[in-house]
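Written out below as structure tokens is the structure these notes cover.
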Amino acid sequence: MPELPEVEVVRRGLAAHVAGRTVDSVEVCNHRAVRRHLPGASDFTARLTGTRLGHARRRGKYLWLPLDDGGEALLAHLGMSGQLLVQPSRAPLGRHLRVRLRLDTGIDLRFVDQRTFGGLVLTPLAPSTADGAAVPLPITHIGVDALDRSFDPARFATQLRRRQTGVKRALLDQRLMSGVGNIYADEALWRARLHYARPTETLRRTEIARLVAAVQAVLGEALQQGGTSFDALYVNVNGESGYFDRSLAVYGQADRPCPRCGALVQRAAFMNRSAYTCPRCQPRPRRARW
DNA sequence: CGTGGCCCCTGATTGC
DNA sequence: TGCAATCAGGGGCCAC
């Protein structure tokens, strides 16, 4: 469940259903899912067993559960296909179950991940270089997201204009601003009428302000609708889908009319993925870059 | 150091 | 029907 709105939906579910519960036992079904935990799966299991889980927190696409023994957290990244599900312990174990935490009241917290790009790790907390807040050590370099109180638009604009790359590539760089992925980058650029290959160093302050407002609007609207789900891979902790896919203007809409001007949306190859644009609202810059 | 290309993995879909 | 190629909400790593 990858981008900020989907991860935030999961965070809220965890805060409601697992905060304060104790981990009775841990089962790592696929070691790849804890590969970032360098001391190994047995260390992961031993140290997590018996701890109490705290209130779920999030930065960008990462989320974590602080542990009650202080200074440490269970950090999760969902990658392309990860899910955190809260289920009765007796629920059938699916094919893609990677890590199973049995909690103290007959429920499981399950990490399910078809492609295993995501994973879990036990890690100390450390000060973020972005705002000084206590965050898990492996993500101290991750930027504040555009919906965070401490997000600083002027600082973002300065950093963005200092880069020499395409604006979409910069949006996907989680160090400048976190939480935006392929869907919401395309949607925000469309709202701001900017082409993905626009060189960052040529962006005017007013254009960046438009872009930030577009990012905040699209993330906020998607969150209100429970996120974007095209299929059963992107669900909340109860396995339910969000509805923002009905509101997408360009992402996945190749050959369909732009909701603003009616021109046909185009798909282009971009960084081994896709970029969707309206050719009329978002004309390609003379000097393109990505 | 910043930038850009490649790779990790499984499964659904498309086209020959 | 079979099989290969392509694509999918991500990011780490490594040359340059």
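So you know, we letter chains A, B, ... as the sequences are listed, proteins then strands, and number each from 1.
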request  = Decide, yes or no, whether a salt bridge links A:E6 with A:R11 under the criterion of side-chain N to carboxylate O below 4.0 Å.
outcome  = no

key: A:H96 side-chain proximity, nearest of B:dG4, B:dC9, B:dT10   = B:dT10

request  = Indicate, with a heavy-atom threshold strictly under 4.0 Å, whether A:F230 touches base, sugar-phosphate, or nothing.
outcome  = base

request  = Compare every heavy atom of A:F117 with every heavy atom of A:R35, then report the nearest pair and how far apart it is.
outcome  = NH2-O, 3.2 Å

message = Under 4.0 Å from OP1 or OP2 of B:dC8: is there any side-chain N or O of A:R115 that close?
response = no

request  = May I ask you to evaluate whether A:R36 reaches the phosphate of C:dC13, defined as a side-chain N or O under 4.0 Å from OP1 or OP2?
outcome  = yes

Presence of A:H77 side-chain N/O under 4.0 Å of C:dG12 phosphate oxygens OP1/OP2 = no

ask   = Does a distance-only test, which skips hydrogens and angles, find a donor-acceptor pair under 3.5 Å between the side chain of A:R169 and the base of B:dG4?
value = yes

inquiry  = When you compare the side chain of A:L189 with that of A:K168, does any pair of heavy atoms fall below 4.5 Å?
reply    = yes

Intra- and inter-strand pairs of DNA chain C in dot-bracket (Watson-Crick or G-U wobble, both distances under 3.5 Å; | for another strand) = .|||||||.|||||||

query = Do NZ/NE/NH1/NH2 and the carboxylate oxygens of A:D43 and A:R47 come within less than 4.0 Å?
reply = yes

task = Using heavy atoms to find the nearest nucleotide of DNA chain C for A:P138 and A:Y276 separately, return the residue whose nucleotide is more 5′.
result = A:Y276

key: Per-pair stack call A:F117 and B:dC8, 5.5 Å, 30°   = yes

request  = Take atom CD of A:Q253 and atom P of C:dA8, then tell me their distance rounded to the nearest Å.
outcome  = 13 Å

request  = Counting heavy atoms from C-beta on, name the nucleotide in B:dC9, C:dC7, C:dG11 closest to the side chain of A:R32.
outcome  = B:dC9

inquiry  = Taking the minimum atom-to-atom distance to the side chain of A:R163, which one of B:dT3, B:dC7, C:dG12 wins?
reply    = B:dT3

key: Ionic contact status for A:R32 with A:D113, cut-off 4.0 Å   = no

task = Calculate the interatomic distance between A:M271 atom CE and C:dG12 atom P; express it in whole Å.
result = 13 Å

task = Using the P atoms only, state how far B:dC9 lies from C:dC14, rounded to an integer number of Å.
result = 16 Å

inquiry  = What's A:D113 touching, base or sugar-phosphate or nothing? Going by heavy atoms closer than 4.0 Å.
reply    = nothing

inquiry  = Can you confirm whether more than 12 heavy atoms, excluding those of A:R58, are under 6.0 Å from its CZ atom?
reply    = yes

request  = Assign each of A:R98 and A:T165 to its nearest nucleotide of DNA chain B by heavy atoms, then name whichever residue's nucleotide is nearer the 5' end.
outcome  = A:T165

request  = Tell me what A:R95 touches on the nucleic acid: a base, only sugar-phosphate, or nothing, going by heavy atoms under 4.0 Å.
outcome  = sugar-phosphate

Cation-pi check, A:R260 onto A:W190 ring (under 6.0 Å, within 45° of axis) = yes

